[in-house]
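As the structure is a computational prediction, the values presented were derived from the model and not from experiment. Numbering of ligands and ligand atoms starts at 1, following listing order.
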Amino acid sequence: MTKDFIPDPIIHLDSPNKFIPHAHQSPIVKAAEMMSDKGYKDEKYLGNYLRAKMKRDGKRFWAGDNISEYVNDHNIEQLIDEATEAFELVLDRLLIDRETDPNSKGTARRLAKMYFNEIMEGRYEPAPDATAFPNDSADRYEGMLVVRSELRSMCSHHHQPVSGVAYIGIIAAQKLIGLSKYTRIAQWCARRGTLQEELCNDIAREISRATDSENVAVYVQAVHGCCENRGIMAHSSLTQTTVLKGAFNTDQSTKKEFFDNIKLQQEFAPR
Ligand SMILES: [Zn+2]
């Protein structure tokens with residue numbers, strides 16, 4: 001374990017038999033110390049160095065935040081190596097024999113790569129390049145556009161899969177982006193640790209940014225592994241969230257047209 005291991009206070013503080021690696025230091029003191037530069041020049045873990053740097057910069061790095069300014073192609077391999085080491089420890093603590101069980105050999109590295117390169121990729125990658133095309137000629141498109149995007153995400157509470165679909169609506173503004181870009185942006189937002197409510201907001205904000213349109217609507221419906229595979233084990237649960245901005249929020253006929261479009265899409269190709 002690294003010397004900067006901080007027990008999760010939610011889990012550890014109330015536990016009577018809690019394990020404190022440095023009994024003379026509370027987690028809060030440790031966290032405060034990490035705000036300073038002390039020791040970080042010699043920090044052997046790049047992950048610790050980057051966390052300290054983000055704290056210094058006041059950069060939030062929650063599970064749903066993009067931190068691509070701090071992570072790049074040159075250092076991602078080192079971060080994967082460090083996460084592999086940490087996952088090895090998790091497997092050891094779970095009492096899984098990763099030395100002789102052929103299926104558990106290499107699992108730590110598979111997990112580390114999967115987190116960085118797949119299920120949390122949207123945290124480490126910059127926004128997809130969404131080239132905009134001008135929509136300002138005399139016969140410009142002024143109607144509504146509704147795009148359906150498949151989503152794969154992960155809940156930040158349990159790291160369980162979230163799978164569903166987003167319907168993204170905009171009223172075209174001065175520029176248009178390629179149709180596939182709506183889905184790329186939505187998937188970039190989704191491939192992080194998220195809550196569906198946050199994800200819906202994130203997609204609306206990023207689509208608005210890429211298109212310059214203030215009139216944006218996002219409807220997401222998804223099934224959540226944390227409701228299906230654990231807890232209430234609800235196999236048919238479905239969660240729906242809606243974010244309506246601009247005319248979608250203020251104009252009833254625009255809102256109706258959006259939801260009518262969703263129904264038409266669902267009839268055409270059920271989801
Ligand atoms: Zn969950």
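Between Ile262 and Leu264 the shortest side-chain heavy-atom distance does not fall below 4.5 Å. Between Thr239 and His224 there is a side-chain heavy-atom pair separated by less than 4.5 Å. At least one side-chain heavy atom of Ile67 sits less than 4.5 Å from a side-chain heavy atom of Met54.
Chaining together hydrophobic side chains whose heavy atoms lie under 4.5 Å apart places Val90 alongside Leu91, Leu94, Ile96.
Relative orientation of the Tyr219 and Tyr167 rings is tilted, given thresholds of 30° and 60° on the angle between their planes. Tyr115 and Phe87 have tilted rings, their planes meeting at an angle from 30° to 60° on a 0 to 90° scale.
Of all protein N, O or S atoms, those under 2.8 Å from the Zn ion (ligand 1) number 3.
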